[in-house]
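Reviewing the structure listed below.
Along the sequence shown, the residues carry numbers beginning at 1. Everything numeric here is computed off the predicted structure, so don't read it as measured data.
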Amino acid sequence: MNVFDRFSNGWNIASNSWAVLKENRKLILFPILSGLSMLLVILSFVLVALASVGWDFGAFNDIKEQGTVVHYLFVFGYYLINYFIIVFFNTALIHCTHLYFHGEKPTIRQGLQFAASRIGVILSWAAFAATVGTLLRLLQDNLGSIGKFVTGLIGIVWSIATFFVVPVIAYENLGPIAAFKRSAGLMKQKWGERLGAGFSFFLIQFVAFIVLALVGALLGYILHPLVGIAVFVLGIFAVLTLVSAVRTIFISAVYHNLNGDPVKHFNQEFANNLFVQK
């Protein structure tokens, strides 16, 4: 495939994934719950940190100071809860798409119950990912510009290698290291179409952000600046939520195809070309 075919394929991937979401609009609740949970987590971390130092903002800044043990404990704790929440709700969403791909009518309850049944593997993966994230943060903080460059490269590799990790831990019940290897193996097995889908999702977000910025600025000028800011922030949340849901559906569709399962809305020839052999 040339670059234009890949970009075109990416748009097709997005539109097919979007079709699944349009037929199951209630599935958008999963990324919404994930986003709201993350806001509560951030707020609770700030409140706990402030309470631990007697609501002294000066001492709170000392806690945030890089290089302290408390600082990295907070980093690890935040990553742990962050990964757990994201993977939990993505697991629920992926299971609902799994049911839909097999001709069933998925419900929110089915997704949450399935994710709850995988709490053990989700927690172990969250701990593993949080450890990796904390170590990368440690390198970044202590190696200067070199550390940022190295951790940036590692972050890219990590993102690619863990592309299929959620459906893997959901359906193959593997430990974190085995899940990482399995996900990386799937990417290595059928690799090459990374630009198309990634570019399409990025472009959708970019265009949406520009439109929201213009609308927000216009409303802020005509009505009140706070109105413009509110519309912009809510719009950003809506766009990120939609793209997150569509991207997770896409991951589920490709994973099921790689395992030989039928995938509704993704015909076999199209799905086989999502990731071409490198």
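Other residues, nucleotides and ligands contribute more than 12 heavy atoms inside 6.0 Å of the NZ atom of Lys26. Atom CD1 of Ile119 has more than 12 neighbouring heavy atoms from other residues, nucleotides or ligands inside a 6.0 Å radius.
Scanning both residues, Ala170 and Phe114, for their nearest heavy atoms gives O-CZ, 3.3 Å. Considering all non-hydrogen atoms of both residues, Trp18 and Val246 come closest at CE3-CG2, 3.5 Å. When all heavy atoms are compared, the tightest approach of Ala92 to Phe30 is CB-CE2, 3.5 Å.
Inter-residue side-chain proximity for Leu135 and Thr131 is flagged as met; some heavy-atom pair is nearer than 4.5 Å. For the pair Leu136 and Gln140, the minimum side-chain heavy-atom distance is 4.5 Å or more. You'll find the side chain of Leu174 stays beyond 4.5 Å of the side chain of Phe180, heavy atoms only. In this structure, the side chains of Pro106 and Asn24 come closer than 4.5 Å at one or more pairs of heavy atoms. Counting only heavy atoms from C-beta outward, the side chains of Phe250 and Val254 approach each other to under 4.5 Å.
Ile86 and Leu27 are assigned to two separate hydrophobic clusters, defined by single-linkage of ILVMFWY side chains at heavy-atom distances under 4.5 Å. If you chain together hydrophobic residues whose side chains sit under 4.5 Å apart, Phe88 and Leu40 never meet in one group. Linking Ile, Leu, Val, Met, Phe, Trp and Tyr whenever their side-chain heavy atoms come within less than 4.5 Å puts Leu123 and Ile169 in one cluster. In terms of hydrophobic clustering, with Ile, Leu, Val, Met, Phe, Trp and Tyr side chains grouped at heavy-atom distances under 4.5 Å, Ile28 and Leu99 are assigned to different clusters.
Listed by first then second residue, pairs satisfying salt bridge (charged side-chain N to carboxylate O under 4.0 Å, His left out) with a partner in residues 223-246 number zero, not counting sequence neighbours. Residue pairs satisfying the side chain to side chain donor-acceptor pair (under 3.5 Å) criterion with at least one member in residues 82-98, sequence neighbours excluded, are listed as follows: His95-Tyr171, Thr97-Ser252, His98-His256. Within the structure, salt bridge (charged side-chain N to carboxylate O under 4.0 Å, His left out) pairs that include any residue of residues 111-130 do not occur (at least two apart or interchain). Pairs passing the salt bridge (charged side-chain N to carboxylate O under 4.0 Å, His left out) check and including a residue from residues 154-178, sequence neighbours excluded, read Glu172-Arg182.
Applying the side chain to side chain contact (heavy atoms under 4.5 Å, CB included) rule to Leu138 yields the partners Tyr72, Asn142; only residues at least two apart in sequence or on another chain are considered. Here Ile42 pairs with Tyr78 under the side chain to side chain contact (heavy atoms under 4.5 Å, CB included) rule; sequence neighbours left out. Every side chain to side chain contact (heavy atoms under 4.5 Å, CB included) that Thr107 has, sequence neighbours left out, goes to Arg109, Gln110. Residues forming a salt bridge (Lys or Arg N to Asp or Glu O under 4.0 Å) with Glu104 (at least two apart in sequence, or on another chain): none. By the side chain to side chain contact (heavy atoms under 4.5 Å, CB included) test, Ile85 is found to be paired with Ser34, Ser37, Met38, Val41, Ile81, Phe89, residues two or more places apart in sequence or in another chain being considered.
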With a 3.5 Å cut-off and sequence neighbours excluded, list the donor-acceptor pairs that the side chains of residues 148-166 form with protein atoms.
unit_1: Thr151; atom_1: OG1; unit_2: Gly147; atom_2: O; d: 2.7
unit_1: Thr151; atom_1: OG1; unit_2: Lys148; atom_2: O; d: 3.1
unit_1: Thr162; atom_1: OG1; unit_2: Trp158; atom_2: O; d: 2.7

Quiz: residues 209-235 side-chain donor-acceptor pairs under 3.5 angstrom, not counting sequence neighbours:
unit_1: His224; atom_1: ND1; unit_2: Leu226; atom_2: N; d: 3.0

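Ser124 places a side-chain N or O within donor-acceptor distance of the main-chain N or O of Val121, the cut-off being under 3.5 Å.
Here the CD1 atom belonging to Ile108 is positioned 4.5 Å from the CG atom belonging to Leu29, to the nearest 0.5 angstrom.
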- prompt: Would Phe101 and Val20 satisfy side chain to side chain contact (heavy atoms under 4.5 Å, CB included), going step by step from the backbone distance to the final call?
  reply: CA-CA 9 Å; Phe101 291 151; Val20 174; 4.2 Å; yes
